[in-house]
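Owing to the predicted nature of the structure, the values given are computational and were not obtained by experimental measurement. For ligands, and for the atoms within them, numbers begin at 1 and follow the listed sequence.
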Amino acid sequence: MEFSIKNGNPEKQRHDCLIVGVFEGRKLSDAAKNLDGTSSKAISAVLKSGDMEGKLGTCLLLHALTSVAANRILLVGLGKQTEFGEKQYRQAVRAAIKALPKGVANAGIFLAELAIKKSDTHSKVAQLVEVAIDATYQVNAIKLKKAEPLALEKIAIFVAKTDSAQAEAGLKHGLAIGAGVSLAKDLGNLPPNICTPTYLGKQAKALAKTYGFKVEVLEKEEIEKLGMGSFLGVAQGSIEPPRFIVLQHLKGDKKQKPTVLVGKGITFDTGGISLKPGADMDEMKYDMCGAASVLGTFKAIGEMDLAINVVGLIATCENMPDAGAIKPGDILTSMAGLTIEVLNTDAEGRLILCDALTYAERFEPSAVVDIATLTGACVIALGHHPSGLFSNKDALAAELLAAGEMAHDRAWHMPLWEEFQTQLDSNFADMANIGGRAGGSITAACFLSRFAKKYDWAHLDIAGTAWKSGKEKGGTGRPVPLLTTFLVNRAAK
Ligand code: BES
Ligand code: MN
Ligand code: ZN
């Protein structure tokens, strides 16, 4: 899909369809008023008929208005004008894009000119583009399912002439985040027989080539040399070889300490010998969505050519039951030298991440953020709207929370109190890999915190946010918007 920024009066625009807003109480937006005037009150007449009140997200399609150049007008409800904010704006944009009929290849949208408190044209255009890309995403981008090609080819975003430069910058920003989100969705949606650790390694190399990142994809022998005994313990149950991916985007000052992103890349989680129940097990192909969000964020900052130093680390393998797999009771020695009693082989995410966190030390990072579909307990605690955020540094947590709010990809700050740590006590090793049912997402974070003592660190548990189940099953691309915004904010400091 192609986006462009345009100026001009709505009645003169020759598009297949123009999208204009109506507030609740049948109150016309400026663009709608304009069209109403040229069409001898055709819009007012339709509203008076009772077909539309302006409720948020409702849509009504009008055809062939007199003296209006465009073939169709799509009215979209904006809700109460006093309540109209970014959230409502995004909802209206999404509803309008989804309501466009099949015959529309070329749409003009007059929503970015609406006044929103604390939002400028840059942000409104960026969000419009992000939402439109999200709403029109097709799984067939990966060519495994034949779907009808998207009818909609072009979207022109109308803004006031004086706002054009801001709008163009917002457009670039939105396209970059949209591309990152789409990549993360694509990778998540791929079947696990295609999206293997080897495949993720290749994707990282392809990204590096496109955007000029430094890249290393370590194979098993090199991972062994590093002493990543915990990561390799998980990998040993599968015939798919593991990979450890190191990506570096070094566009900041030479002396600037990098921000490190660490992704969990379990390309399929059966649970291992502590086998998961069969129902919905296919969804464990999404257990690499942390890794996908790192790659997606790299794509976004690559597109933006963001002036910052960022390192991406991905530990990726399968978690399979096999004659050679780790067993409950096995003790693994991590790269940090700490020993881990594996009481449940299904708590494998922390086992691969702990070694990646130790590896991160060598970059002397300004901050490390890991992203993982880590615990079902996080979904029980927080549901599917926020990602769980844990951190050993309140200032870093605040940065991530703020980025999430800005990006409409929110996280919720969870406790990481000392009191929870004893749940990980083991009689036989330095720690156990599980801490019981109580506070399961917190004890998982506590486990990771033991390997993140040398730097400011945060952990995002995205088990509830990385994909959707049911009829709408599919990757969400979260938390690419949060992470990208976090890095954009850091680059601006
Ligand atoms: N990948 C899962 C977490 C998960 C489960 C995410 C369901 C989304 C939906 C993780 O590896 C896992 O299996 N965690 C266990 C930990 C437990 C054994 C302590 C869990 O959450 O049940
Ligand atoms: Mn598991
Ligand atoms: Zn897992």
List every atom of ligand 1 that sits less than 4.0 Å from any heavy atom of Asp346, numbering the atoms from 1 in the order shown and giving each element. 10 (C), 11 (O), 12 (C), 13 (O), 14 (N), 15 (C)
When you look for heavy atoms under 4.0 Å from ligand 1, do you find them on the side chain of Leu374, its backbone, both, or neither? backbone
Show which atoms of ligand 1 fall inside a sub-4.0 Å distance from at least one heavy-atom site of Thr373. 1 (N), 2 (C), 3 (C)
Which atoms of ligand 1 sit under 4.0 Å from any heavy atom of Glu348? 11 (O)
Parallel, tilted or perpendicular: which one describes the rings of Phe244 and Tyr359, with boundaries at 30° and 60°? perpendicular
Protein non-hydrogen atom below 4.0 angstrom of atom 14 (N) of ligand 1 present: yes
Give the atom numbers and elements of ligand 1 that come within less than 4.0 Å of a heavy atom of Lys264. 1 (N), 10 (C), 11 (O)
Lys276/Glu283 ion pair, N-O < 4.0 Å: no
Heavy-atom distance under 4.5 Å between the side chains of Thr259 and Phe486, does that happen here? yes
Aromatic plane relationship, Trp417 with Phe420 - under 30° parallel, 30 to 60° tilted, over 60° perpendicular: tilted
I'd like to check which ligand 1 atoms, numbered from 1 as shown, lie under 4.0 Å from a non-hydrogen atom of Trp467. 8 (C), 9 (C)
Applying a heavy-atom cut-off of 4.0 Å, say which part of Asp287 lies close to ligand 1: side chain, backbone, both or neither. side chain
Those residues that, when tested against Lys393, pass side chain to side chain donor-acceptor pair (under 3.5 Å) (two or more places apart): none
Metal environment of the Zn ion (ligand 3), protein N/O/S under 2.8 Å: Lys264 NZ, Asp269 OD2, Asp287 OD2, Glu348 OE2
Top protein contact for atom 6 (C) of ligand 1, by heavy-atom distance: Ala463 CB, 3.6 Å
Are any of the side-chain nitrogens in Glu348 or Lys264 under 4.0 Å away from the carboxylate oxygens of its partner? yes
Do Arg450 and Asp430 meet the salt-bridge criterion of a basic N to acidic O distance under 4.0 Å? no
Proximity of Phe268 to ligand 1 by residue part, where a heavy atom lies under 4.0 Å: neither
Numbering the atoms of ligand 1 from 1, which are under 4.0 Å from a heavy atom of Ile434? 19 (C)
Pairing of Asp282 and Lys473 as salt bridge, 4.0 angstrom limit: yes
Within the 4.0 Å heavy-atom shell around Gly376, which atoms of ligand 1 are there? 3 (C), 4 (C), 5 (C), 20 (C), 21 (O)
